Enquirer: 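First, the structure itself, so that you have it in front of you.
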2 protein chains.
Amino acid sequence: MDPCSMNLDQIDYKILKELQDDARISHQELSDKVGLSASPCARRIRKLEAEGYITGYGAQIEEAKMGFGFSVFVSVRLDQQVDGRLVEFEKEVRLCPEIVECWLMTGSFDYLLRLSVESLDDFERFLTRRLTKIPGVASIESSVPIRRVKHQPARIR
Amino acid sequence: MDPCSMNLDQIDYKILKELQDDARISHQELSDKVGLSASPCARRIRKLEAEGYITGYGAQIEEAKMGFGFSVFVSVRLDQQVDGRLVEFEKEVRLCPEIVECWLMTGSFDYLLRLSVESLDDFERFLTRRLTKIPGVASIESSVPIRRVKHQPARIR
DNA sequence: GATGAAACCTTCACCCC
DNA sequence: GGGGTGAAGGTTTCATC
């Protein structure tokens, strides 16, 4: 399952946690926090990147400030569970900027989406003009969140 | 709604997009991409940070490599919708490392959680020993995803 | 918005345990 | 094998235009 697994120690986990919180921390400051000097600290980071533990570094953008403060969860069921339908649907999903997250689910074989839109009006427009027009979409169920209580990008041991 | 809104132009949006993809890009390279020189580019970044458009920078960690490659969505309904119950539940949520995401939902007034666990066994343990033990939890419904089709941290105009 | 100098950070070869 | 040191090169920052 894990072709290139190396054994991480407590220092590695600490480095990952610190970098998850602040990707722009300097090697020097980071090395102080984890109890190492800058050079071996940098070496460990490079190794974590090369082995795929760290996949990238991203700026966290405030969606609400972008004008997309309104999220909606949408469950979508397709009328046929054939592979072609899934491929076609997923292709459309990737093209919609409103869909910020999409999961293929077991069970009733449908998709869970999170949309990021400006308003309820905006959501309705997207629903009627775009989502329902995708071939194979059989039924749609929406849930509106009040607020995000917790959000942790990834769990670290 | 937006106390400190400044008008962003196309260059600002481009800067945000580039930084979302690669927070560690140098000001020099970024300035080339957006058609500016390094110094005004850095000024814009500082402004975007100060005004709250950029809330931070984070390393992206591969959960699967951490041993938590298994996600489960869980819908939780509480037996009472009184404020105290919500506060208590949310306090527990923040303490559980397995819960990586939590939304308070409208409608049936419950929570949508995403768990990050090692395995189905691990999930069952968490469910029976911890989640069902939280006071006020009336019912739980789980959905297991097959894979994440799309994941965009935040939508940018 | 651009330039250039000072301060800072990253990187690498090298040494040590 | 992994950790420390120091010098070279690159990057950020700031005053200035």
Side-chain angles (χ1 to χ4, degrees), chain A residues 1-62 65-67 153-157, chain B residues 2 4-68 153-154 156-157:
Chain A
M1 180 207 166
D2 196 354
C4 53
S5 93
M6 60 200 226
N7 292 330
L8 303 189
D9 61 17
Q10 285 310 111
I11 295 180
D12 290 312
Y13 290 129
K14 202 145 183 232
I15 288 174
L16 289 172
K17 276 190 194 123
E18 291 294 338
L19 286 177
Q20 189 180 44
D21 286 350
D22 178 12
R24 292 208 143 180
I25 192 174
S26 74
H27 293 172
Q28 212 160 326
E29 198 183 336
L30 180 57
S31 65
D32 284 348
K33 290 200 179 195
V34 304
L36 239 59
S37 84
S39 174
C41 195
R43 267 198 293 256
R44 277 168 184 259
I45 293 172
R46 262 199 306 280
K47 207 165 176 187
L48 291 167
E49 290 167 353
E51 302 273 345
Y53 291 89
I54 298 173
T55 56
Y57 300 91
Q60 287 139 12
I61 312 293
E62 182 67 44
K65 297 278 294 187
M66 288 287 104
R155 186 176 168 196
I156 297 174
R157 202 166 291 266
Chain B
D2 196 353
C4 54
S5 92
M6 59 200 226
N7 292 330
L8 303 188
D9 62 17
Q10 285 311 110
I11 294 180
D12 290 312
Y13 290 128
K14 201 145 184 237
I15 287 173
L16 288 173
K17 275 190 194 121
E18 291 294 338
L19 286 177
Q20 190 180 45
D21 285 349
D22 179 12
R24 293 207 143 178
I25 192 173
S26 75
H27 293 172
Q28 212 160 327
E29 198 183 337
L30 181 57
S31 65
D32 283 348
K33 290 200 179 192
V34 304
L36 239 59
S37 83
S39 171
C41 194
R43 266 201 293 260
R44 278 168 184 259
I45 293 172
R46 263 198 304 280
K47 207 166 175 185
L48 290 167
E49 289 168 354
E51 303 273 346
Y53 291 88
I54 298 171
T55 56
Y57 300 91
Q60 287 140 13
I61 312 293
E62 182 67 43
E63 272 188 326
K65 296 277 295 184
M66 287 288 105
F68 303 118
I156 297 175
R157 202 165 291 264

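In this text, all values refer to a predicted model and were calculated from it rather than measured experimentally. Proteins come first, then strands; the chains are lettered A, B, ... in the order of their sequence lines, and each starts at number 1.
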Enquirer: Would you mind reading off the distance between A:Gln28 atom CD and C:dA7 atom P, rounded to a whole angstrom?
Expert: 16 Å

Enquirer: Could you tell me how far apart A:Asp22 (CG) and C:dC9 (C1') are, to the nearest whole angstrom?
Expert: 14 Å

Enquirer: Of the non-hydrogen atoms in A:His27 and A:Ala42, which two are nearest, and what is the gap between them?
Expert: ND1-CB, 3.3 Å

Enquirer: Tell me which nucleotide among C:dT10, D:dG2, D:dT12 gets nearest to the side chain of A:Lys47.
Expert: D:dG2

Enquirer: C:dT10 P sits how many Å from A:Asp32 CG, rounded?
Expert: 12 Å

Enquirer: Take atom CD of B:Glu29 and atom C1' of D:dT11, then tell me their distance rounded to the nearest Å.
Expert: 12 Å

Enquirer: Using whole Å, what does the distance between atom C1' of nucleotide D:dG1 and atom CD1 of A:Ile11 come to?
Expert: 14 Å

Enquirer: Would you call A:Tyr13 and B:Met66 a side-chain contact if the rule is heavy atoms closer than 4.5 Å?
Expert: yes

Enquirer: Nearest whole Å is fine: how far is D:dG2 P from A:Asp12 CG?
Expert: 10 Å

Enquirer: Report yes or no: does B:Lys17 contribute a side-chain atom to a donor-acceptor pair with the main-chain N or O of B:Ile156 at less than 3.5 Å?
Expert: no

Enquirer: CZ of A:Arg44 versus P of C:dT10: gap in Å, rounded?
Expert: 17 Å

Enquirer: Whether the side chain of A:Gln20 engages the backbone of A:Ala154 through a donor-acceptor N/O pair (distance < 3.5 Å, no angle test) should be reported.
Expert: yes

Enquirer: In Å, rounded to the nearest 0.5 Å, how long is the span from CD1 of B:Ile54 to CZ of B:Arg44?
Expert: 12.0 Å

Enquirer: What is the distance, to the nearest angstrom, from the NE2 atom on A:His27 to the P atom on D:dT11?
Expert: 14 Å

Enquirer: Taking side chain as C-beta onward, heavy atoms only, is A:Ile61 less than 4.5 Å from B:Leu19?
Expert: no

Enquirer: Heavy-atom distance under 4.5 Å between the side chains of A:Arg157 and A:Leu16, does that happen here?
Expert: no

Enquirer: For C:dC9, take OP1 and OP2 only and decide whether either is under 4.0 Å from a side-chain N or O of A:Arg24.
Expert: no

Enquirer: Quick one: closest heavy-atom pair of A:Ser31 and A:Ser37, and the distance?
Expert: CB-C, 3.4 Å

Enquirer: For nucleotides 2-5 of chain C, print each protein N/O atom paired with a nucleotide N/O atom at under 3.5 Å, atom names and distance only.
Expert:
| from | atom 1 | to | atom 2 | distance (Å) |
| --- | --- | --- | --- | --- |
| C:dA2 | OP2 | B:Ser37 | N | 2.9 |
| C:dA2 | OP2 | B:Ser37 | OG | 3.2 |
| C:dA2 | N6 | B:Arg43 | NH1 | 3.3 |
| C:dA2 | N6 | B:Arg43 | NH2 | 3.4 |
| C:dT3 | O4 | B:Ser39 | OG | 3.1 |

Enquirer: Using five pairs at either end of the helix from C:dG1-D:dC17 to C:dC17-D:dG1, determine the angle between the two local helix axes and round it to 10 degrees.
Expert: 30°

Enquirer: Looking only at side-chain atoms of B:Arg46, point me to the closest of D:dT13, D:dT11, C:dT10.
Expert: D:dT13

Enquirer: Can you confirm whether B:Leu48 sits close enough to A:Lys65 that some side-chain heavy atom of one is under 4.5 Å from a side-chain heavy atom of the other?
Expert: no

